[in-house]
Every structure is written in C-alpha cells, then in structure tokens.
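Worksheet for the structure shown next.
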Amino acid sequence: MEMDFSKIDRGKQEVSHLNSEAIQKKWQKKWEESKIFEVGESSKKKKFYVLDMFPYPSGAGLHIGHAFVFSLGDIFARFKRMQGFNVLYPIGYDSLGLPAENAAIKVGTHPAEYTKKSIANFMKQQKAMGWSYDWSRMVSTSDPKYYKWDQWIFLKMLEKGIAYRKKSAVNWCPKCQSVLANEQVIGGKCWRHEDCDVEIKHLEQWFFKITNYAERLLNGLENVDWPERAKLMQKNWIGKSHGTEILFEINGNKWPIFTTRPDTIFGVTFMVVSAQHPRLMELVTDKQKKDVEKFLKKLKSVSEKELADMEKEGVFTGSYAINPMTKEKVPVWAGNFVVADYGSGMVMAVPAHDQRDFEFAEKYEIPVKIVIQPDEHLAPERMTEAYTGDGKLVNSENFDGLHNEEAKEHISIYLKEKKLGKKVVNYKLRDWLISRQRYWGTPIPIIYCDKCGIVPVPEKDLPVELPKEVEFGKGNPLATNKKWMNAKCPKCGGNGRRETDTMDTFVNSSWYYLRYSDPKNDRKIFDTKKANYWAPIDQYIGGPEHITMHLIYLRFYTKFLKDLGLLKFEEPALRYFTQGIVHASDGEKMSKSKGNVIEPLDMINKYGADSLRLFLVSIASPDKDFNWDDKGIQGTFNFISKIYNYFENFESAKVSPKIESKLNKAIKEITDYVQDFKHNLAVIKIRSLFESFADGDVDKKSAEAFLKLLHIYCPFATEELWEKFGNKTFISLEKWPVADEKKINEKLEEQEKAIDSLVNDINNVLRIVGEKNKVSIYVIPKEKEIYEDAIEMIGKRTNLEVSIYSVNDKDKYDPEGKSKKAKLGKPAIYLE
RNA sequence: GCGGAUAUGCCGGAGUGGUCAAACGGGACAGACUCAAAAUCUGUUGGCUUAGUGCCUACAAAGGUUCGAAUCCUUUUAUCCGCACCA
C-alpha cells in the first residue's frame, strides 16, 4: 500500500514528545532511584493498602487485561497517596503453577528458568506502564523462602485438624494429569481446559477442612464492601440450607439422611445411596453384588459432565431401610444422581413429591405414595410429574390434616423427641482438595514412614525444596527423583519416602497479601505487628473469575491465621472491585488464533503509556466488559497532545472566578468518581475542565491543580509538565486538590448555559434563513454584562460579526424592531 | 431448570420520576485554517417546521402506576454471567 509519509511524519512530529520513550524512561528512572513509592510503618499518615491480584508470570508477557486491571490499581494507589495516606501498593508473582511447568516442558527448559525469564519480562513492562509499586517488597511464590511458609501453614493446619488425608471420589483432569478442587471444575470441565471433561477417580488425597469455616465465610460477607454479585456468588457457592437429619435403620445400623422435606417422610417408598458413597458395599448383598459392580463399572467410564446429562439410573443393593415413622421396609438403591459428599450421601426418596425421585420410581416401577394433598386432588395413576407444592398431609398417621409447612416443624420435633433425627444445617461447600500430581508447586511437607505412617516434616527442616532434577512426562515428576523422595523418618529415623504431590497453586495466593507486609522475614511467616498494621487490604482489585476460587480461599486462610492468633481481623479485603473484560474490537475474545490480540507494548510504542492508561479507563465504566477501539485510543492520544501543547506554552493569567468555579466543581466531582472507580465519568469532567481552560484565563495554581487531577491517569506527561512548570518536587507526591465549595459559582455556570442557548438559537435561525454576516443581540439591561463578556466567543462560534444592545438603548440598531422580543434570560436577535 | 445482570441515538456509553431528543467520546457531514492535510478550531448529526426553542416519533416489546416515565411496577423477548440432579 502506498502511503504519503510526509503527512504522517508531520503529524507525528508535533506530538512525538508524548510517546517519546525518553520521557517515560526518564521518570521511570527517577521514581526508582528516589524510591518514592517505598513505604514503612513509622509514618504518621494513616495507612491504606491497595492491591491488585498478583499475576501469574507467563512467557507471553503482559496482555491488555493486565494493562487494564493494574492501571486501575495504580490509579487508585496514586489517588490515595496524593490524598495523604501511607499507601502500600506492592507487587509479586504467582509463579508456581502448572502453566509454567507445561510451557517449560514444551520449550525444553526448566520451569525455574522459564519463570525467571518471564518475571524479568513482566517487570520491564510493568515499569513501562508507570505503575507505582513498592518494588522493595516484591515476592515470588516459587521462591523457597516464600513457599516455606506455605508448608508452615500446612503443618499448622495439620496440627489443628484442618489438613487431613482421605480417600474419596475426586475430580481428575486428564490434560493437567492431576486432580482438581471442586472450585476448579467449571461446568464439568477443567478450569484450565475448557474442552476437557473432568473424570472421577477414587484416590487418597490431602484436603483442607474449609467446611469448618462455612458459617464464618457466609457471615463475614455482611461486613465487606464488595459488589453484590460477588457476595451473592459466594453465598450460593457456600450454599447453606436448613433441613432435618433423619436416622434410617439398615441391616441393624443407623444411617443418617438429610432432607429439607421432613413433611414427606410418610411418602418414602425407597432410599437412594450415592454410587460414589465410600460405604456403598456395606449395603450390597451377595445376591446383588454382580449387578451393582456392573453398574459402577458403567459409571466409571463416563465423565462428570456426561454424568450430569445422564438419565437417572440405579441398581438395587439388596438391603432394606426401616422408615423410622412407619416402620415400613423400603428398598435401598444405589443411584447415579445422588451427590456423595453432600449431606450423608444418601437420600430418602419420595417420588410423589420430588421430581428426581418420581423419574426414578417410574423407570424402576417403584410405588408412588401421595402424602401431600393440594386442593386439586392428586392420584398416583394420573400423575405425570411430582407435586412439589404445598398442601395438607394425608396418609401420615397423626399428622394428617396439617399444612405441610407446619408439618415440617411438627415432624422434626417428634423425631427429635424419639431420638430419630434432628434439625441440621447443610452446606454445598466441599473441603478443599489441595493435592496435585505435578511438579511446579509447593511440596507437601510430609514423610510416609514404613513404621510410623504419616509424619509431618518438622518445622526446623522447612522448606522442603523442590529438587531441580526430575523427569517430566512420566507420571508424578517428584517421584522420578528417588534421592529426593527417599527420606529418613523424622520420628524414628527409619526409612520413609516424601509425599510426591505438591499443593494446589491457590494455596500460594491465599496469604500473599500478608507476606507483602514483611516480605524478607526468614524467621517468621511475617511480623504480626507489621501485618496487622498494613492488612487488611483496603482496596482489592481483580477479575470476577476469582470470586468462587481465590477469594474463598483467601478468606478461609485469613480466618485460619486469625485463629492461630497471628491476625486481629478476619476479612482480608474490605473493599473489592471487579473490572470488566477487554474484548477485541470485533467483540470476540482476544486470542492468538483469531489474530485479534492487542499488545500493550505495541500500544505504548505507538501512543505512549499515558494514552493507553487513560483510554482503558475512559472507554466504559471499568466494571463493565468493553471492546477495544483503535479510533478511541487515537482520540485519547489527541486529547493528551492538546493538553501537552497547552501546558507547554502556558502563560499564567490572573485568577479568574469563572475558572476557579469550574475547577472546584470539577475537583469535587472527580474526587467522588475516582473513589467509586467511575473513571469514565471522571475523565469526562477532566475533558470538559480542559475545554474551559482552553478558552478562559487560567492562573498557574489552577493549571497545577489540573495536572494533579490528570496525574493519576497520565503520570508521565504530568511529571514532565510539572517539572516544566519549574517544580522541583514529584507531582506523584503532591497533595490531591480539595474542592473549595465557596468558589463554586453556580451563577456563572448558569450564565454559560445562557450563552450556549443563545448561540444555539442564532445557529438555528441561520440554518433556516441561510448565510448572514452580522447579528444584533438585544438584551435586558441588567443582563448586558453577561453577554458582553462573551461577545468574542459568540462571534467565534457563529462566525458572525456581533453587536450587543441593551433593549432600552435609544440609539440601538434595530431595523425590524426585534428587540421587543427580548426576555429575561432570552435575548432577541436580528440577523442580516 | 434455578439465580443474577443487561437492553438507550450510526457506534461506544452516561442518565435512574419532571429542567431529556438524551452528557461525553468515536464516527460521519459541513465550514475555518492550509499548497494540502488523517493535526487544530467552529458547527451539524430522529423527523417536520417557524426569524427562535414549537409539534410529532423515540430510550428492547406490550401493558400498568402517575398530573408527568428512558427512569417505578407487571409480563414478554433477547443477550451475557454464575450454579447446575445439593434431596
């Protein structure tokens, strides 16, 4: 394609200082050398902790989503810093994790090497964006000095009975070659591989008893300022429900079941135990063994996703349960639709009043017994689906005639009196499975001794470091290093072997925010004074995808560490902001294969970091998804160019009440908007303030206030201009302007509106009557001044020669007597 | 299936009972500057219309509340997100 380079060059020249690397480099260097963003605990200022969720350092470097979310954090940190807080704004790297391991295998290097390079690359780009981190506090989770404390927490959890090992049905991702936590299974697929069905395996694994904290996790949500949807999602994830536990006798043993419908207990016609239930075989009679095994085998070959779509199926176990109310014997089935680790893994089935039970009963021809009768009379033979609504109890002995809601209460009380059951609360939340059969994670500090069994590695022997020499692709990599794996038992000194599983990557990120308070401490996890000074996080920022993963774990860890006595608070993040997702300009997800990826570095090179930052936060409300727009960033770039040119050639004028009014009003509005992350609106105010600057008389102080307002978005340009103004300080450390409400003059604003509407009127008429050269404006005498002040502007905006007359001026030029039409606030006009 | 969110002009996106044909940005168009510009400045950008702010049609669709609705309520439709056999 042919291009006219002379044109491009000239355009670029004019504004080249904006994207000039020189200025960006200059301030990066100055900030770094002067350590102005490094903070300590001795400050007299009030502390404020701003945190972005730390990134996983991928080899690809920063993507546009990073550029966006970290800019939000930086803007907020700069804002709070300027407002006079002692702001902790640290950064680190969540550098352990499967992607590093896989990427390293792919390119044939060691994960440690790969990670080191990636971090270096990230740092360079982060500095280019102008983010004001306290680099002295950087942490990296792959550093043994960091993960030592993961292991320490693990030991503490073991001590307190929170970490435990159990065999159960677990989720297995064949692509990760590892098990997954419940939170990491999304719609039956692996969270890392959306195309990969999760399989179910029965394995013995390490768990954290997060369910102990279910109630506190739920209640704590009331004390934090989070988006409603984030709270709701966590609430649903925890899934509290009230119900009744009822004991059924099977083969002489009591088996508890959980139900929210004790009112239907007289309608139980069978029981269903989960096919994944660990004690299933206890219920299976010899006669039924073959059938059950066949059924289980069939289930084994299907993934969790398929299981969810499958029809309800089951097989008779051969055992019978005794209904505690009726003493009736009902068959116990094993079924594919009962969740093994919710409640007790067994349910009472009431086909008349539960749709799932109904379908199952129909399939296997199990009787249906109606015990809730609504006004429109039900009969089993006419039913095509379960009746789940309200009604009066029937076929329920002494409880007949009760409304079913009442009956719930009565039956529960009756069961409790007879010691056959009790009211209980249940949660959907499952214990956190933390074992991973992969290399690049925190080693679990456990030794299996031939004699003593499970033995924790003593605290003094921490960290258990990852050995460098392992083989990948042959099962669990740690098991390939025999020298590392074989270890003496810390208890008896006998032969033992190390746990070869590592911990879930989410373990590392569950307490990192505390380590920032004391990142170099090698004697303790952190100094409790320091941690309690800085934490909790005052403003946390990160994507919505972490709501039911990271943010649950983070809250759990915080509560646990509080229980250890290390912390004085139990909510890690007081305020939380979720940013939207940046899509490609076509509205699609950015992906390499589609070729629609926007690289932050390219944008910095083309438009400068300031433009990129400002554009990202001003295109839409930052909590909403938006599409990238090349034209948009060009517009932002032009805007910054104008600002730059304006301030470079700035000459201070006398203080003007009009400018002061506008400035103070803008300060007030912008401050509120920034506080609420409404940067799109804040930027509009900045733009319109600049418009008024462009056609008004601006004094130096007002000009400087403007630069401060802009600084949080455009740190490089504003530092540079601040210096050009003759200041020796950093604008980064200047005070955020405070609005002087007394200087806000609403009357001036109204006058401006009056001028606007006059100009509109003139233009409106011009459009109708065609081109004219002159306009005569007739105003009410007391308004004359207002319009005379604006005479030049009116001329400019209408392209006419303007004369202004007072209506009572006897010598006014008014050939058609238009001046009679003049009203207060609405001058008359005559065009010719 | 359940739960949540959203729906505004050519586009992105403000606006939550009157001051709204609707901020701001982008685009488009016209004019100024210029040899020329994608730079800068000025204006126009739902329709009709008058030397003047009026009328009509509009804020997903249909109803409703109200003196008055983009804004409140109900239903419907579409899109997005979360959970998904939780008994």
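Given the structure is predicted, the values throughout are model-derived calculations rather than measurements. Each chain gets a letter, A, B and so on, in the order its sequence line appears, and its residues count up from 1.
Candidate nucleotides B:G3, B:G12, B:G13 were compared by shortest atom distance to the side chain of A:Ile619, and B:G12 ranks first. For A:Val347, the listed nucleotide lying nearest its side chain is B:A87; candidates were B:G3, B:A87, B:G12. When distances are taken from the side chain of A:Lys312 to each of B:C85, B:A87, B:G13, the shortest belongs to B:C85. Closest contact between the side chain of A:Thr259 and the listed nucleotides B:G3, B:A87, B:G13 involves B:A87. Closest to the side chain of A:Trp237, from the set B:C83, B:A14, B:A87, is B:C83. Comparing atom distances between the A:Ser241 side chain and each of B:A87, B:G26, B:A14 picks out B:A87 as nearest. The A:Thr548 side chain lies nearest to B:C83 when the options are B:G3, B:A87, B:C83. Listed nucleotides B:A14, B:A87, B:G27 differ in distance to A:Lys631; the shortest reach to its side chain belongs to B:G27. Between B:G3, B:A87, B:A23, one nucleotide has an atom nearer to the side chain of A:Asn236 than all others, and that is B:G3.
The side chain of A:Ser688 contributes no N or O atom lying less than 4.0 Å from OP1 or OP2 of B:C24. Residue A:Lys624 places at least one side-chain N or O closer than 4.0 Å to OP1 or OP2 of B:A14. Look at A:Lys642 and you'll find a side-chain N or O under 4.0 angstrom from OP1 or OP2 of B:C41. Between B:A39 and A:Asn638, a contact under 4.0 Å exists linking OP1 or OP2 to a side-chain N or O.
Taking the six-membered ring for Trp and the full ring otherwise, the centers of A:Phe615 and A:Tyr607 sit at least 6.0 Å from each other.
In this structure, A:Glu409 pairs ionically with A:Lys423, as a charged nitrogen and a carboxylate oxygen lie closer than 4.0 Å.
Nearest-nucleotide mapping onto RNA chain B: of A:Phe626 and A:Met348, the residue sitting toward the 5' end is A:Phe626.
Nucleotide B:A70 forms a pair with no other nucleotide shown, judged by Watson-Crick or G-U wobble geometry with both contacts under 3.5 Å. Across all strands shown, B:A38 forms no Watson-Crick or G-U wobble pair with both key distances under 3.5 Å. Of the nucleotides present, B:C2 is the one that pairs with B:G82 by Watson-Crick or G-U wobble criteria, both distances under 3.5 Å.
Nucleotides B:G63 and B:G13, compared at atom C1', are 29 Å apart to the nearest Å.
A:Asn323 and A:Ile265 make their closest contact through ND2-O, 3.0 Å (heavy atoms, listed as atom of the first residue, atom of the second, distance).
Backbone-only engagement by A:Ser621 is indicated by non-hydrogen atom pairs under 4.0 Å involving sugar-phosphate atoms exclusively.
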